[in-house]
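Worksheet: the structure to be examined is printed underneath.
Below, chains carry the letters A, B, ... as their sequence lines are ordered, and counting in each starts from 1.
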2 protein chains.
Amino acid sequence: MKLQQLRYIVEVANHDLNVSSTADSLYTSQPGISKQIKLLEDELGVQIFARTGKHLTSITPIGETIIALSREVLAKTKSIKDIASEHHQPNTGTLNITTTYTQARYVLPQVIQQFIQKYPKILLHLEQGMPDQLIEDVISGKVDFAITTDLPVVNEECVVLPCYHWNYSVVVKKDHPLAKEPKLTIDMLANYPLVSYDFSNDGSDLYHAFAKAQKTPNIAFSTADADLIKTYVKLGVGVGIVAKMAVNTTEDSDLVVLNAGHLFSYNTTYIVFMRNLFLRHYMYDFINQFSSHLTKELVNNALDCGSNTEIQAMFNGIKLPVK
Amino acid sequence: MKLQQLRYIVEVANHDLNVSSTADSLYTSQPGISKQIKLLEDELGVQIFARTGKHLTSITPIGETIIALSREVLAKTKSIKDIASEHHQPNTGTLNITTTYTQARYVLPQVIQQFIQKYPKILLHLEQGMPDQLIEDVISGKVDFAITTDLPVVNEECVVLPCYHWNYSVVVKKDHPLAKEPKLTIDMLANYPLVSYDFSNDGSDLYHAFAKAQKTPNIAFSTADADLIKTYVKLGVGVGIVAKMAVNTTEDSDLVVLNAGHLFSYNTTYIVFMRNLFLRHYMYDFINQFSSHLTKELVNNALDCGSNTEIQAMFNGIKLPVK
DNA sequence: AACAGTTACGTAACCCGTAATGATA
DNA sequence: TATCATTACGGGTTACGTAACTGTT
């Protein structure tokens, strides 16, 4: 049994059993992977992948177990390397993060700016993905951290840390009737066409606020892109409902930003990573820069918890920042 | 990084940093090990072992961490192999046990006999060792199970399962004054020279019973070997105090066995193994044959516990067999 | 002087990549 | 027919064992 063989089966599983694309991503050849997998299967005496003729069609039940264990083995070997690097090259390494559009566009830039200034030799890679993809990338080991707003349904191999709460804001043009309204209500919003996130998707809290007031919102345009929302608001299409941190008073000086914290329940942004990830000191520092209450000590306390429900319980006693 | 390299550093650590003896035990050459260790250190960029000139003198702090992680990696790769074997060769494999003299001599033979009859293809290896050594052998991965009576001070990487309670018996020659005594007391025993286990070592409960009665025992002879105790009793050296399961009415027909369960607090025999050990079905079966209350389900429940104190708490509600 | 670890070197195994073959949708 | 996995084969690397060397107790 060789570490490469374990890496191969894990990567093939990550690539939907496509050996060719796996080979491309690992910069090696298909036959090499095929052969090593077969050698491993011969050594273990079990089939990891089920085949129809020459195509890999599925992972056998025992293969699932073996691949899961292999992931753990590879994570631990990565830890060994990381610990060694931490020791003799504390400020070099990599940090791979995947996140949603809103975070990448409106929240992370300032954090990243500080980070790369403090750690110029860290190779930082930021990736934007769909909410469902984020956690998968963490589990597959493709990235270290996922930053997400949807409370992910994750297995216990991941650690989920709440970072901050945030509210929606309502944005309108300066000449809009609502612009001078001191205190908004759902009823008022229901009178106008709305431009916002997809209500059926991540905006269930938006939908619920209207349902609770027994109103049906009039959605003129929906998108996941806050910039687009603002653009359409500026065009006069309707009243915008957008994450508060997505509006910037200097950039959006032609818009009026109205507080909507009392209309909708707050959301929470989380950082997610594998429990068995070795956290290098700059990773702790990144987390702390992203959310100031998440000190190294607090993160370690969370890691000592046995489950994510325990972690959430722990954070119930801690006041999160609100953005 | 190669799995062999990890195996090498772990084994060198297990062999007190003696590379030569490590090489012997692994059936390979010293230079090979030296070179691979050096290659690993070069790759990681850190020293795992500290050296004075050409001798390995100690493990560096970071080396300790790396070796600990390596042990985990190797345990997981072993799990992969075991899981595969379990799948395609359910009744072949190995089972290595280390235990104390008393267990090996008086308790295990019947269990082993059943076991090898049921699993003739399992390579069973039984080893007898000193109490301190037993747990080390488990941690180093040399054996699967340790069976011991001293409640071991073990770290949380081991699982400690209580198997049964046992009492001492008093044995005397047929013509001894105590032979017809219906109910023994400590005072009676204090009147005679005693032959027993080392009171200062594992027999603190023996010592305490006398201390509580404010008597000083007169130890004529002490040994860890129950056979020797019985031999000296037969020679008339004194009154024997010995583990109850070490006396057999047919073999020891020239001795009188007196109940001493009310004089001394009972002891507990434990089975100890690494938490990350993959338990093959015959291992569950062995545990169950050794101690009938330890069903597979109960063992799994214990494994789900986070700590050994939790496990002990769980077993507080369960009545253990008494031998 | 005996022992232990490293260096040097030759052999054998093995991993990998290219090319060819076989199977699948 | 195009895609994909396996088989065949050759080249380069590497791991290992023997032997010689060097440092340690």
Side-chain angles (χ1 to χ4, degrees), chain A residues 1-60 62-64 66-67 70 73-74 77 80-81, chain B residues 1-60 63 66-67 70 73-74 77 80-81:
Chain A
M1 183 188 302
K2 310 256 159 54
L3 282 174
Q4 307 143 332
Q5 294 173 330
L6 303 185
R7 197 167 293 123
Y8 285 170
I9 60 172
V10 166
E11 284 302 311
V12 168
N14 285 348
H15 284 77
D16 296 326
L17 310 186
N18 187 323
V19 179
S20 303
S21 74
T22 304
D24 289 343
S25 79
L26 295 178
Y27 304 103
T28 183
S29 66
Q30 296 92 343
I33 294 181
S34 280
K35 187 168 189 183
Q36 291 306 318
I37 290 177
K38 184 167 273 264
L39 281 173
L40 179 62
E41 289 181 327
D42 287 349
E43 179 183 345
L44 295 178
V46 295
Q47 289 253 332
I48 295 168
F49 299 106
R51 296 157 170 86
T52 61
K54 291 195 169 183
H55 278 234
L56 306 192
T57 52
S58 65
I59 305 176
T60 63
I62 192 169
E64 295 279 7
I66 291 173
I67 288 169
S70 300
V73 168
L74 296 173
T77 57
I80 291 175
K81 290 178 200 158
Chain B
M1 185 186 304
K2 311 255 158 54
L3 283 174
Q4 307 142 332
Q5 295 173 331
L6 303 185
R7 198 167 293 121
Y8 285 169
I9 60 173
V10 166
E11 285 300 313
V12 167
N14 285 348
H15 284 76
D16 296 326
L17 310 187
N18 186 323
V19 178
S20 303
S21 74
T22 305
D24 289 344
S25 80
L26 295 178
Y27 303 103
T28 183
S29 67
Q30 296 92 343
I33 293 182
S34 280
K35 187 167 188 183
Q36 290 307 316
I37 289 177
K38 185 168 274 267
L39 281 172
L40 179 62
E41 288 181 328
D42 286 349
E43 179 183 346
L44 295 179
V46 294
Q47 289 252 332
I48 295 168
F49 299 106
R51 298 158 170 85
T52 62
K54 291 195 170 181
H55 278 232
L56 306 191
T57 51
S58 65
I59 305 175
T60 63
I66 292 173
I67 288 170
S70 300
V73 168
L74 296 173
T77 57
I80 292 175
K81 290 178 200 160

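Nearest-nucleotide mapping onto DNA chain D: of Lys35(B) and Lys38(A), the residue sitting toward the 5' end is Lys38(A). Comparing Gly32(A) and Thr52(A) by the nucleotide of DNA chain C that holds the closest heavy atom to each, the one mapping nearer the 5' end is Gly32(A). Toward the 5' end of DNA chain C, the nearer of the two residues Gln30(B) and Pro31(A), judged by each one's closest nucleotide, is Gln30(B). Take the nearest nucleotide of DNA chain D for Gln4(B) and for Val19(A): the residue whose nucleotide is more 5' is Val19(A).
Listed candidates were dA5(D), dC16(C), dC16(D). Nearest to the side chain of Tyr8(B) is dC16(D). Here dC15(C) is the nucleotide among dA4(C), dC16(D), dC15(C) with the atom lying nearest to any side-chain atom of Leu39(A). Here the side chain of Gln36(B) is nearest to one of dC16(D), dC16(C), dA19(D), namely dC16(D).
Ser20(A) comes within contact range of the sugar-phosphate backbone alone, with a heavy-atom separation under 4.0 Å but no base atom that close. Within 4.0 Å of Tyr27(B), counting heavy atoms only, lie sugar-phosphate atoms of the nucleic acid but no base atom. Nucleic acid contact class of Leu17(A) (heavy atoms, under 4.0 Å, all strands): sugar-phosphate only. Within 4.0 Å of Ile37(B), counting heavy atoms only, lies no atom of the nucleic acid at all. Across all strands shown, Phe49(A) has no heavy atoms under 4.0 Å from either base or sugar-phosphate atoms.
Between Ile66(B) and Val46(B), the closest side-chain pair of non-hydrogen atoms falls below 4.5 Å.
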